[in-house]
Structure formats: structure tokens, C-alpha cells
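Have a look at the structure that comes next, please.
In the text below, chain A, chain B and the rest are named by the order of the sequence lines, each starting its count at 1.
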Amino acid sequence: SAVISQKPSRDICQRGTSLTIQCQVDSQVTMMFWYRQQPGQSLTLIATANQGSEATYESGFVIDKFPISRPNLTFSTLTVSNMSPEDSSIYLCSVGLSETQYFGPGTRLLVL
Amino acid sequence: ELKVEQNPLFLSMQEGKNYTIYCNYSTTSDRLYWYRQDPGKSLESLFVLLSNGAVKQEGRLMASLDTKARLSTLHITAAVHDLSATYFCAVDDGGSQGNLIFGKGTKLSVKP
């Protein structure tokens with residue numbers, strides 16, 4: 001399995017500002033994923049981040065709003081830009097390892 | 001477009017009873033995952049099903065996969081209160097990146 005940490009664990013932000021979420025994994029992985037889970041809802045994939053290449057975004061998510069970095073095989077960041085209350089969600093990173101995907105603890109974001 | 005449907009979405013059970021959660025998906029896939037999520041927590045990987053006819057069991061939970069019917073089941077035997085959680089199935093979309101498409105989740109409540 002993989003041990004995944006995320007920072008911050010939670011935050012309250014003002015609309016119009018940006019927040020960068022960090023994801024650290026304890027082993028080198030090729031694939032890292034960012035998901036959003038809106039309150040009481042299921043998970044929706046935002047983008048896939050591979051080291052050394054640009055992230056691949058799912059329909060409805062754009063790089064200007066959710067820029068992603070993947071500087072090495074153990075780390076990634078997701079920025080939520082120009083936030084609005086609709087961005088209030090849990091943001092989770094996950095990694096693909098040994099035929100499964102493991103999830104980080106999530107970042108709980110509230111935008112006022 | 002791959003769609004994943006779970007039912008029921010809500011399930012209230014008495015302790016000691018058996019029940020089954022169903023997960024249907026719309027296009028061919030050979031990988032299906034079951035996760036558990038406790039309130040305010042991240043996702044815990046329960047099972048990874050990789051082939052037609054795969055069956056896995058852990059304690060009171062048993063998962064199976066029928067790729068021809070595009071159906072997976074999560075069977076709960078003699079439920080106990082500790083199994084109360086939300087259970088998600090997720091299907092690999094078959095692309096090169098291993099993206100997962102999640103069902104809406106089944107919120108299980110086991111009452112004493």
C-alpha cells in the first residue's frame with residue numbers, strides 16, 4: 001500500500017483567492033490523480049498528473065482554474081484558483097500502485 | 001461514456017441480517033474497485049476485482065464481478081454496527097491512465 005499525506009487538511013478561504021493543496025506519497029508512483037467530492041456526493045476525477053508531462057483534465061475542469069504541478073514521482077500540487085462558494089468540497093489525491101488506487105486523507109475546503 | 005450505477009443508495013439494516021449492494025456499469029471494463037468511506041474520512045480500499053468471476057472476501061464482506069453482465073455485488077453477511085459507512089464502487093475507464101469512475105455510493109446504516 002501507499003501512505004499519502006495532504007496539506008492543508010482543511011481551510012476556510014475567501015472568494016476570489018487561491019489555495020494550493022499539496023500531496024506527498026511515501027513511494028515513487030507514476031500516476032497521481034486529483035478528485036473532488038462535493039458535500040454528500042460521490043467522487044469526480046479532476047485530472048491525472050504524470051511526472052514530466054502536463055496534467056490531463058477531465059471534461060468540465062480546466063487548467064486555468066485547477067493548475068497542477070508534478071515535479072517528481074512522490075509529490076503533486078493542485079491549486080484551486082479564483083475560488084467561489086461552489087468550490088467548497090473535499091479534494092483528494094490518489095495514487096495508482098499494485099493494481100489499485102490509494103487515497104489521501106483529503107483537504108476540506110470551505111469558500112465564503 | 002462510462003456510467004456507474006449503484007443501488008440502493010441508502011440501506012438501513014438490522015444487525016445480523018444479510019444484504020447485497022449492486023454496482024452496474026455501462027461499458028466494458030476488467031477492473032472494479034470497492035471502497036469504504038466513514039464520515040469525515042477518506043476512502044479505504046476494500047477489494048480490487050480484476051477478472052470475470054472474481055470473488056473476494058474479507059470478514060463479513062464478499063465482492064464478486066461478472067464482466068459479461070457488467071455487474072458487481074458487495075454482499076454483507078450478518079451485519080454489525082461497525083459496518084455502517086458509505087460504500088463506493090468504482091470502475092476503471094479502460095484508458096491508459098487508469099482513471100476511475102465512481103458510483104454515487106451506498107450509505108449503509110446498521111442498527112442494533
d(A:Y102 OH, B:E44 CD) to nearest 0.5 Å is 11.0 Å

Notebook entry, point to check: Between B:L2 and B:Y33, is there a shared hydrophobic cluster once you connect ILVMFWY residues whose side-chain heavy atoms come closer than 4.5 Å?
Noted result: no

Would you say B:L71 and B:F47 are hydrophobically clustered, going by side-chain heavy atoms of ILVMFWY under 4.5 Å? no

Value for CD1 (A:I4) from OG (B:S42), rounded to nearest 0.5 Å, stands at 8.0 Å

So, the part of B:Q6 with a heavy atom under 4.5 Å from chain A: the answer is neither

Evaluate the criterion side chain to side chain contact (heavy atoms under 4.5 Å, CB included) for residue pair A:L45 and B:L100; output intermediate values, then yes/no. CA-CA 7 Å; A:L45 181 65; B:L100 296 186; over 6 Å; no

Fill in: Heavy atoms of other groups near B:Y22 OH, more than 12 under 6.0 Å
no

B:L61 and B:L108: same hydrophobic cluster, using ILVMFWY side-chain contacts below 4.5 Å?
yes

Among residues 68-79 of chain A, residues within the sub-4.5 Å heavy-atom range of chain B, in order of number, are none

CH2 of B:W34 to OG1 of A:T100, rounded to nearest 0.5 Å, is 14.0 Å

Rounded to the nearest 0.5 angstrom, the OG-CG distance for A:S94 and B:L43 is 9.5 Å

**OP:** Would you kindly confirm whether B:Y87 and A:L43 end up in one hydrophobic cluster when ILVMFWY residues are joined by side chain heavy atoms under 4.5 Å apart?
**Re:** no

Just wondering, more than 12 heavy atoms not from B:E15 lying within 6.0 Å of its CD?
-> yes

Report, as yes or no, whether the 6.0 Å neighbourhood of atom CD on B:Q57 holds more than 12 heavy atoms from other residues, nucleotides or ligands. yes

When the 4.5 angstrom heavy-atom criterion is applied to A:Q101 and chain B, the contacting part is both

To the nearest 0.5 Å, atom CD of B:E1 lies from atom OG of A:S59 at 8.0 Å

So CD of A:E99 and CG of B:D92: to nearest 0.5 Å the spacing works out to 10.0 Å

All heavy atoms of A:Q37 vs all of B:F88, minimum pair found to be NE2-CZ, 3.7 Å

*Neighbour count >12 (heavy atoms, 6.0 Å) for atom NZ, B:K107*: no

Item to check | Cluster link A:Y35 to B:V48, ILVMFWY, side chain under 4.5 Å | outcome: yes

